[in-house]
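Okay, structure first, notes after.
Just so you know, these numbers use all the heavy atoms, side chains as well, and skip hydrogens, waters and symmetry mates.
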Amino acid sequence: MTTSTLTTPTAAPATRNLNPFRWSQRTGALASGTALAAMAVLAVFGYFVAVKGLWVAGDAQKTADAIGNSPALWIAGIVAMFVVTILDVIAALGTSAVFKPVHRRVAQVAWVMRTAFAAWYLVAITQLVVAFTNLDRPEAALANIESFWSIWQASLGFFGLYLLVVAYLAIRSGFMPKIFGILIGVAGLGYIADIIGLTFVAGFAPTFGFFGFIGETAMIFWLLIKGRKLPRV
């Protein structure tokens with residue numbers, strides 16, 4: 001007697017879809033677009049509402065009092081920014097999958113760069129945790145918050161380099177309109193210009209990075225809408 005072996009041809013694709021390092025372009029686009037959209041909301045809440053809303057620049061006692069009076073908001077902001085670092089890694093994996101057909105090695109470099117940026121940002125966030133434990137020493141807490149800002153701002157220069165790599169891939173892709181790559185490149189240059197200004201110009205306030213909002217937002221919509229038409233294998 002012979003025994004026939006049943007095979008399940010859908011098993012391999014299913015396994016591939018569960019492995020982020022083997023995502024298809026379509027899966028990568030949807031994962032990256034969704035992660036970036038969620039990040040936009042969480043980052044605004046975490047930094048602008050929670051941290052900047054309670055941080056009184058230059059006044060240690062008022063900052064400590066504000067955080068002490070709204071501890072839940074401060075902790076929620078930290079949690080939101082921590083989640084952002086996780087979503088950053090997902091966005092990095094998704095973007096790498098989208099641009100693998102353009103240049104696999106460069107797409108992998110982009111993934112490593114964004115993951116490194118996420119780790120850098122996580123280091124900055126730990127300063128906010130330490131600040132919360134130092135509320136009984138307002139000057140130390142304020143120093144921790146200022147350290148968070150300095151580390152984060154420095155990391156944005158590296159993020160700008162990452163965006164330039166993505167811009168290169170987008171322009172070369174052929175499946176994404178070149179204008180999106182150009183806008184992403186402008187965003188990257190804006191972040192780099194800001195870190196140069198902060199380094200060499202006394203009293204400089206980051207400005208150019210805000211222009212990146214246009215390119216980064218356009219990228220989210222493209223990934224979620226047009227990304228559905230990319231190959232699923």
Can you give me every donor-acceptor pair (side chain of residues 69-79, partner residue at least two apart or in another chain, under 3.5 Å) with its distance?
residue	atom	partner	partner atom	Å
N69	ND2	D65	O	3.0
W74	NE1	L128	O	3.3

Nearest 0.5 Å, what's the [atom1]-[atom2] distance between [X] and [Y]?
| X | Y | atom1 | atom2 | answer |
| --- | --- | --- | --- | --- |
| L54 | T63 | CG | OG1 | 9.0 Å |
| R22 | L93 | CZ | CG | 14.5 Å |
| M39 | T85 | CE | OG1 | 9.0 Å |
| L156 | F117 | CG | CZ | 5.5 Å |
| L30 | L223 | CG | CG | 8.5 Å |
| I192 | F158 | CD1 | CZ | 11.0 Å |

Can a donor-acceptor pair be found, under 3.5 Å and without considering hydrogens, that links the side chain of [X] to the backbone of [Y]?
| X | Y | result |
| --- | --- | --- |
| T199 | I195 | yes |
| Q127 | F148 | no |
| S96 | A92 | no |
| R26 | L230 | yes |

For W152 and Y47, run ring pair (Phe, Tyr, Trp, His ring centres under 6.0 Å): C-alpha distance rounded to whole Å, both residues' side-chain angles, the deciding distance at 0.1 Å, then the answer.
CA-CA 11 Å; W152 177 48; Y47 178 67; 4.8 Å; yes
Looking at side-chain heavy atoms only, is the closest gap between F99 and V102 below 4.5 Å?
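They are in contact (side-chain heavy atoms under 4.5 Å apart), so the answer is yes.
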Side chain to side chain donor-acceptor pair (under 3.5 Å) partners for S32, two or more places apart
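Residues passing side chain to side chain donor-acceptor pair (under 3.5 Å) with S32: T95.
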For R104, check side chain to side chain donor-acceptor pair (under 3.5 Å) against everything at least two apart and list the hits.
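Applying side chain to side chain donor-acceptor pair (under 3.5 Å) to R104 gives none.
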If you compare all heavy atoms of [X] against all heavy atoms of [Y], which two are closest, and at what distance to 0.1 Å?
| X | Y | result |
| --- | --- | --- |
| A31 | I90 | O-CG2, 4.0 Å |
| A29 | V98 | N-CG2, 3.4 Å |
| Q25 | A97 | CG-O, 3.5 Å |
| Q153 | L198 | OE1-CD1, 3.4 Å |
| A91 | A35 | N-CB, 4.1 Å |

Just wondering, are more than 12 heavy atoms of other shown residues or ligands nearer than 6.0 Å to CD1 in I86?
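Atom CD1 in I86 is packed in, count exceeds 12.
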Taking ring-ring contact (aromatic ring centres under 6.0 Å, His included) as the test, write out the residues that go with F45, two or more places apart.
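Not a single residue meets the ring-ring contact (aromatic ring centres under 6.0 Å, His included) criterion with F45.
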Give every residue pair that meets the salt bridge (Lys or Arg N to Asp or Glu O under 4.0 Å) criterion with at least one member in residues 69-78, sequence neighbours excluded.
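Checked against salt bridge (Lys or Arg N to Asp or Glu O under 4.0 Å) - neighbours excluded - no pair reaches residues 69-78.
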Please list all pairs meeting salt bridge (Lys or Arg N to Asp or Glu O under 4.0 Å) that have one or both residues in residues 185-194, counting only residues at least two apart or in different chains.
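The answer is none; no pair qualifies.
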Can [Y] be reached from [X] by stepping across I, L, V, M, F, W or Y side chains whose heavy atoms are under 4.5 Å apart?
| X | Y | result |
| --- | --- | --- |
| I151 | F48 | yes |
| V41 | M219 | no |
| L42 | I125 | yes |

Name all pairs fulfilling the side chain to side chain donor-acceptor pair (under 3.5 Å) condition that reach into residues 211-231, sequence neighbours left out, sorted by first residue then second.
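Passing the test, one end in residues 211-231: Y191-E216.
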How would you list all residue pairs meeting side chain to side chain donor-acceptor pair (under 3.5 Å) that involve residues 48-60, not counting sequence neighbours?
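Sorted result for residues 48-60: empty, none.
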Please tabulate, one pair per line, all N/O donor-acceptor pairs under 3.5 Å involving side-chain atoms of residues 160-184, not counting sequence neighbours.
residue	atom	partner	partner atom	Å
Y168	OH	R172	NH1	2.5
S173	OG	A170	O	2.8
S173	OG	F175	N	3.4
S173	OG	M176	N	3.1

Show which side-chain atoms of residues 106-114 pair as donor or acceptor with protein atoms under 3.5 Å away, not counting sequence neighbours.
residue	atom	partner	partner atom	Å
W111	NE1	T115	OG1	3.4
R114	NE	D88	OD1	2.5
R114	NH2	D88	OD1	2.8

After noting the C-alpha distance and the side-chain angles of V51 and M81, does the key distance pass the side chain to side chain contact (heavy atoms under 4.5 Å, CB included) rule?
CA-CA 10 Å; V51 174; M81 288 189 284; 3.4 Å; yes
Verify whether one side chain among S147 and S150 offers a donor that lies under 3.5 Å from an acceptor in the other.
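There is no such pair between these side chains.
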Could you list who else is in I225's hydrophobic cluster, with ILVMFWY side chains joined at under 4.5 Å, directly or through other members?
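ILVMFWY cluster around I225 also holds F221.
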Taking side chain to side chain contact (heavy atoms under 4.5 Å, CB included) as the test, write out the residues that go with A60, two or more places apart.
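A60: side chain to side chain contact (heavy atoms under 4.5 Å, CB included) contacts with P138, E139, L142.
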